[in-house]
Amino acid sequence: MSSQPTVKPPHYLDELNEVQRQAVTTTDGPVLVIAGPGSGKTRVLTYRIAHLIEQGSAPWEILALTFTNKAAREMKDRIAKVVGPRASNIWAGTFHSLFARILRVEANHIGYPSNFTIYDTDDTKSLLGQIIRELSLDPKVYQANAIKNRISSAKSNLITPKSYALNEELLAQDKQAKMPLVSQIYTKYVERCKRAGAMDFDDLLFRLYELLQNHPEVVKKYRQKFRYVLVDEFQDTNTLQYAIVKRLVQYEGSPRNICVVGDDAQSIYAFRGATIQNILDFENDFSQYGIQTFKLEQNYRSTETIVATANAVIGHNSRQIQKKIWSDKGHGEKIRVIREMDDNLEGRRVADTILEQKNRFHLQNQDIAILYRTNAQSRIFEEYLRRFNIAYRVYGGLSFYQRKEVKDLIAYLRLVVNPNDEEAFRRVINFPKRGIGDTSVGKVISLAGQQSMSLFDALRHVALPTRARHAADGFIDVIEKAQRKSATASAYELAEAIARRSGLLDFYRNDNSIEGMGRLENFQALLDGIKSFVEEDSVSDTENLPDKSLATYLQNIALLTDFDTEGDESKDVVTLMSVHAAKGLEFKSVFVVGLEEKLFPSWMSMDSAEGMDEERRLFYVAITRAELFLTLSYANTRYRYGKMTMNEPSRFLAEVPAEAVESTSYSRRSNDHEFDPLAQQRARVTGVVPPARLRGTAKFAEPRVDMENFQPSPSEEIVAGVRVLHQKFGEGKVTKVDGGAGNQIATIHFSDLAQPEKRIMLKFAKLQVL
DNA sequence: CTTTTGAGGGTTTTT
DNA sequence: CCCTCAAAAG
């Protein structure tokens, strides 16, 4: 909203190809965009929104739903580049965060406090475990995790506890699984969440759906508000999410300005209820309203070799929307396949290859990613990257907000904001230890159950032995004082006071172990985080004032994942993450590791055709992250639960076209000079890996050229016949140059090297003509 | 009520 | 292999 005269608007439309431009400018009516990997999907989405605003729409009329906070942030940033600070008023965010925001405003309609708690996965599991115990069921038969999935999937399919109890099919399934009482657990679970003023992740969707369903005046409000609705990664929406979106745009007299963007081939979240059926349904649901479909088929990310491989792989799936993904980036490097004897060697070989690529192609760490099927696989790669002195960051696993020490303080804060929060209560009632043990807590729980009151209220009234009573009063006092203080104090002051008065701060201060120090650091970091939340001038809504309350803070962080904790951002590090987590990202060089039957594809998915198809889509996602170099690896044996297991190579490897694979890949006795077969042997026999420094690094460590006088020449000057200087390899003679413009590869003979022939991509290499 | 010790069990993927 | 959770001792 700058009052300065608008500079000539950037010709953002010029940055688009024909189909992209149509997808951007067809603003009215239903639009379906099928977007292959690397086809400029995000660009279309962001420019479309920018275009809407340039055309006169108000930012707050636009609802853009994504799956990750990162995607939302990126979208907003990119829109801001076109339209300026107005972008901050767009309703762009994850389904969960935006819906939470609406629910906060409308909570009273559905009998929830507006400062409701959001239960994370741990809370959910803990509550389910509690209920299972209360019902005297065997926790080995009724596993909290399994029940959680069952309930989650029910909610995702719009099944309430009541309809669950009447659903013969579900009941039969439960019976078959020897868990006939899931239905009762579900009912109880929902009651308990309600009583605690808490919603789990699925509730954020389901409760909103019910709200829109049952309150005509509310749904009307949001229908009028959101004139344009966009959904990213539409193939990953579940039935419930689509039902909500439809409720918002599908009604009498609606302009039906809805745009969904997705790729059926990249649907990888069926396990949490996502269904490609939504794409097909979308076409049906809106066909009579002039739906327009655009297919983005040109891949701007990857070499032709990689695209061809991806196409060949996905071709093994049966059901898919017809499209032809293509690239004009030249063939580039072939795909390398690495086979090793065991997971340890796989780790080392990958680290080794990373080092090689960095030197040969002048890649930075941040150009490189290692992608695996399960997070547990990261460990070995971390180990070798550390040994090779390669900086890295592991994504996934537990996020900052899931650490014990962080959750402890958060639980106190949650209790201040919402004294009915049962899980928070149970977490901190006796932590730090204050002498309220299991028996006392048991009394509180049973009183709360009888009287249908909150645990916190029950604690006030329950009869306890003097000692425990005293402790309980102290605890109540801490919480109540903070509650009173919350009227005047900032979230930070409150948190700081709680940290001291609860005894948590002292507890962590007094822990002088190594881990203890780390915990204290995290604890402090949390406080700092709250402080910056309070101080930073976050975007103000046009409708609402910036909300700095503790309740808002808590609801925000409940929806953050590991990706949202910044910190080492902008550092030059190799990325390690699961394939799932890598969706939407791209790297110059990608290693897809652990390509073995029962691992990738996962054993869990192997008994059904749909499961296999999803695994294959996952593999498709993995390989299409690569721009230039793709390396696939597997090991013959691998440790699992400390036991060695034999593995067949993944069937997906056989689906990679042979002509796309580097011919030496399959041979262990490759003439790869970086490779030392003897070291390999030694490792195999002794189980000891020779120190990394002896290999790889030493070979490349000292530059053969003095950097001072080195001046890279433009790639045009690199032609067959000239003598050149390379930073690492020294002096050499170019024997030939091939590959299309922009992807030229020079073959150079460096006589100083053990293996003198090098193929170097001119795009990256720094070569000086002599 | 707290601490220690041992057995058993779990690994797909995430908001 | 590692972590969580339950029983038994302090």
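In what follows, every chain begins at residue 1, and chains take the letters A, B, ... in the order their sequences are listed.
- Of the candidates dT15(B), dT12(B), dT13(B), the closest approach to any side-chain atom of Thr561(A) belongs to dT15(B).
- As rounded to whole Å, 20 Å separates atom C1' of dT13(B) from atom NZ of Lys598(A).
- For the atom pair NZ of Lys155(A) and CG of Leu204(A), the computed distance is 9.5 Å after rounding to the nearest 0.5 Å.
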Using the rule given for side-chain contact (heavy atoms from CB on, under 4.5 Å), can you reason through Phe201(A) versus His96(A), listing the C-alpha separation, both sets of side-chain angles and the distance that settles it, and then say yes or no?
CA-CA 7 Å; Phe201(A) 290 140; His96(A) 296 268; 4.1 Å; yes
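- Gln143(A) places its CD atom 13 Å from the P atom of dC5(C), with the value rounded to the nearest Å.
- For the pair Arg393(A) and Tyr395(A), the cation sits on the ring face: its NZ or CZ lies under 6.0 Å from the ring centre, inside 45° of the axis.
- Taking the centre and axis of the six-membered ring of Tyr269(A), the NZ or CZ atom of Arg272(A) falls inside the cone set by 45° and 6.0 Å.
- Phe271(A) qualifies as a stacking partner of the dT13(B) base, centre to centre under 5.5 Å and near-parallel within 30°.
- Counting any heavy atom pair closer than 4.0 Å across all strands shown, Phe95(A) reaches no nucleic acid atom.
- For the pair Lys125(A) NZ and dT15(B) P, the interatomic distance rounds to 14 Å; values are reported in whole Å.
- Proximity of the aromatic rings of His580(A) and Phe271(A) is defined here by a centroid distance below 6.0 angstrom, and this criterion is met.
- Between Asn430(A) and dC1(B) there is no side-chain N or O to OP1 or OP2 distance below 4.0 Å.
- Between the C1' atom of dT12(B) and the CZ atom of Arg617(A) lies a distance of 15 Å, rounded to the nearest Å.
- Remark: Asn238(A) is not in phosphate contact with dT15(B), judged by side-chain N or O atoms under 4.0 Å from OP1 or OP2.
- One interatomic measurement links the two molecules: OH of Tyr395(A) to P of dT12(B), which rounds to 24 Å at whole-angstrom precision.
- Using the Watson-Crick or G-U wobble rule with both distances under 3.5 Å, dC3(C) pairs with dG8(B).
- Here dT13(B) presents its P atom at 21 Å from CD of Glu610(A), a figure rounded to the nearest Å.
- Distances shown here put a side-chain N or O of Arg379(A) below 4.0 Å from the OP1 or OP2 atom of dC2(C).
- Distances from the side chain of Lys433(A) to the nucleotides dT12(B), dT3(B), dT15(B) place dT3(B) closest.
- Checked against dC1(B), dT15(B), dG9(B), the side chain of Lys140(A) finds its nearest nucleotide in dG9(B).
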